[in-house]
Asks: 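Attaching a single structure in structure tokens format; questions to follow.
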Amino acid sequence: MAEEAAQEHPGPSAPRPVRCIVKLGGAAITNKGELESINEESLRSACAQLRQAMSESEGDGAPEKVLGMDWSKRHGDPADPAVDAEWIAGMAGLGLDTNFIVVHGAGSFGHFQASRSGVHKGGLHSTLVKAGFVATRISVTSLNQEIVRALAREGIPSVGMSPFTCGWSTSQRKIASANASQIIQSLHAGFVPVLHGDAVLDELLDCTILSGDVIIRHLAQLLSPKYVVFLTDVHGVYDRPPTDPNAVLLKEIEVDDKGSWSIVKPALLQGNNKGVEISVAAHDTTGGMETKILEAAVIARLGIDVYITKAGTEHSLRALKGDVSSDSEDWLGTVIRSSK
């Protein structure tokens with residue numbers, strides 16, 4: 001179990017407290033209307049901002065030479081990758097606070113395969129479900145590799161980790177086993193673990209889909225990060241679908257000890273805990289924004305602030321740096337925190 005894994009690394013051998021767990025939303029980093037299509041610009045921007053948030057020096061404004069770590073040759077590249085081994089060998093260090101964990105959604109990867117085959121409903125006795133399980137994992141792990149590569153190109157020492165291969169499993173869709181030892185060891189070694197929503201085995205259903213939001217909640221309970229950031233394709237949580245011209249951005253939500261939540265800002269909706277409409281894409285097998293809000297509320301009850309904002313904006317950079325306070329009127333996003 002994850003708790004047992006954490007106990008295996010007590011005292012000085014344990015990593016420093018995790019600074020931040022980041023969720024790269026599938027809608028932000030992929031083109032959800034197009035099967036297995038990455039939003040390259042949005043992904044590149046998110047990775048660059050992550051590097052800025054991790055940087056241990058403010059710099060003098062001069063362009064910084066980035067140690068690219070993707071040394072593989074991609075299809076269509078005219079030449080082998082150039083590696084300045086002498087310069088790298090002379091570096092004193094990366095100059096990054098790498099105590100981050102990244103979890104990404106699937107977006108246009110995985111959801112189609114899962115919904116078409118019914119993997120999220122279980123039943124491996126069905127040939128369709130078994131084939132869909134394989135197809136789903138091929139899709140989500142291919143996206144994971146591309147995100148790891150994008151982070152590596154920004155000089156972030158990231159390593160991909162699939163919940164299925166790490167031994168994570170569920171029982172009626174609730175986490176039953178989650179060995180976090182590899183995550184903890186990787187953090188201690190200075191790597192940034194990159195996890196993703198995955199098809200996993202289920203004790204009662206045979207199999208199901210474990211969402212990235214559930215993974216984040218579990219890791220937050222185990223590792224107590226300073227804050228959690230959800231990067232999405234909209235500025236935060238609204239009182240109705242953000243496509244509605246009358247939608248109002250909820251700036252601050254408080255969660256009490258019992259898990260009940262209420263709107264603090266804006267004042268016009270203050271105290272309202274029923275005025276949020278949820279919209280979920282037809283092919284989304286993980287619950288969409290509804291799951292995100294519920295999991296964020298569980299994290300907030302632990303005393304960990306959760307920031308939900310739009311990827312690739314000045315607001316997402318501030319969130320990744322943890323530079324958001326309760327009186328940040330110029331920050332666009334949703335803060336979910338404990339009412340304590």
Side-chain angles (χ1 to χ4, degrees), residues 19-59 61-79 81-84 88 94-98 100-110 139-161 191-197 212 216 229-236 307-323 332-333:
R19 179 175 160 191
C20 177
I21 299 178
V22 182
K23 169 67 183 297
L24 296 179
I29 58 173
T30 73
N31 301 307
K32 291 199 79 170
E34 186 178 343
L35 181 62
E36 298 189 342
S37 171
I38 296 175
N39 186 329
E40 300 284 357
E41 182 179 351
S42 181
L43 177 57
R44 185 165 49 248
S45 174
C47 293
Q49 288 193 345
L50 264 168
R51 178 180 172 79
Q52 285 182 266
M54 293 177 182
S55 179
E56 294 177 337
S57 64
E58 293 298 326
E64 181 184 6
K65 185 176 180 180
V66 174
L67 167 56
M69 299 180 188
D70 181 7
W71 299 350
S72 54
K73 183 175 180 180
R74 307 197 68 168
H75 179 71
D77 286 349
V83 179
D84 190 344
I88 296 171
L94 294 175
L96 300 177
D97 174 8
T98 56
F100 281 66
I101 296 174
V102 174
V103 181
H104 64 82
S108 61
F109 290 72
S139 186
V140 295
T141 55
S142 66
L143 175 61
N144 181 253
Q145 182 183 49
E146 290 306 311
I147 291 173
V148 168
R149 294 181 75 155
L151 289 165
R153 287 193 289 272
E154 286 294 331
I156 298 173
S158 50
V159 287
M161 295 186 181
F191 292 108
V192 176
V194 184
L195 291 84
H196 58 87
I216 287 178
V229 177
F230 286 83
L231 299 182
T232 73
D233 62 334
V234 293
H235 280 296
Y307 308 134
I308 303 175
T309 191
K310 187 172 183 177
T313 64
E314 61 177 293
H315 312 290
S316 56
L317 179 58
R318 286 178 58 181
L320 290 170
K321 290 182 175 181
D323 183 23
L332 284 182

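Scope of the values below: all heavy atoms of this structure, side chains included, with no hydrogens, waters or symmetry mates. Start at 1 with the first residue, then count along the sequence.
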Asks: Please give me the minimum heavy-atom distance between P157 and T98, naming the atom from each residue.
Replies: CG-CG2, 3.9 Å
Asks: For a quick test of reading the model, state the closest non-hydrogen atom pair linking S37 to F109 and the distance between them.
Replies: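 Heavy atoms only, the tightest pair is N-CE1, 3.5 Å.
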Asks: Is any side-chain heavy atom of V66 less than 4.5 Å from a side-chain heavy atom of R51?
Replies: yes
Asks: Strictly distance-based, threshold 3.5 Å: is any side-chain N or O of S139 a donor or acceptor partner for the main-chain N or O of G110?
Replies: yes
Asks: Just wondering, do F230 and I216 contact through their side chains at under 4.5 Å, heavy atoms?
Replies: yes
Asks: Which atoms form the tightest heavy-atom contact between S108 and K32, and what is the distance?
Replies: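 Looking at all heavy atoms of both residues, the closest pair is CB-CA, 3.9 Å.
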Asks: Distance from T309 atom OG1 to L317 atom CG, nearest 0.5 Å?
Replies: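 That separation rounds to 10.5 Å.
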Asks: Could you tell me which non-hydrogen atom of L143 sits nearest to which non-hydrogen atom of G105, and how far apart they are?
Replies: CD2-O, 3.5 Å
Asks: Measuring from L96:CG to I156:CD1, what's the distance to the nearest 0.5 Å?
Replies: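 It is 7.0 Å, given to the nearest 0.5 Å.
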Asks: Any chance you could measure I38, atom CD1, to T30, atom OG1, to the nearest 0.5 Å?
Replies: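 Rounded to the nearest 0.5 Å, the CD1-OG1 separation comes to 8.5 Å.
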Asks: Working note: I147 + L151, criterion side chain to side chain contact (heavy atoms under 4.5 Å, CB included); need CA distance, chi angles, decisive distance, verdict.
Replies: CA-CA 6 Å; I147 291 173; L151 289 165; 4.1 Å; yes
Asks: Indicate the atoms forming the closest heavy-atom contact of S316 with L231, along with that distance.
Replies: CB-CD2, 3.6 Å
Asks: Can you measure from CG (L320) to CE (M54) and round to the nearest 0.5 angstrom?
Replies: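 Rounded to the nearest 0.5 Å, the CG-CE separation comes out at 8.5 Å.
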Asks: What distance do T313 atom OG1 and H235 atom NE2 have between them, rounded to the nearest 0.5 Å?
Replies: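 Reported to 0.5 Å precision, the distance equals 6.0 Å.
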Asks: Among residues two or more places apart or on two chains, list those pairs meeting side chain to side chain donor-acceptor pair (under 3.5 Å) that have a residue in residues 144-154.
Replies: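 Applying side chain to side chain donor-acceptor pair (under 3.5 Å) to every pair that reaches into residues 144-154, excluding sequence neighbours, yields D70-R149, D70-R153, S72-R149, R74-E146, H104-N144.
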Asks: Might you point out which heavy atoms bring V22 and F100 nearest each other, and give the distance in Å?
Replies: CG2-CD2, 4.0 Å
Asks: With no hydrogens and no angle check, is any side-chain donor or acceptor of S42 less than 3.5 Å from a backbone partner on A28?
Replies: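 The answer is yes, because a donor-acceptor pair under 3.5 Å joins these two groups.
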Asks: Find out whether L94 and M69 are in side-chain contact, i.e. whether some heavy atom of one side chain is under 4.5 Å from a heavy atom of the other.
Replies: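 A side-chain contact under 4.5 Å exists here.
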Asks: Is there a side-chain contact between K23 and I21, using heavy atoms and a 4.5 Å cut-off?
Replies: no
Asks: To the nearest 0.5 Å, what is the distance between NZ on K321 and CZ on R19?
Replies: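 These two atoms lie 9.0 Å from each other.
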Asks: Do V102 and S158 come within less than 4.5 Å of each other through their side chains, counting heavy atoms only?
Replies: no
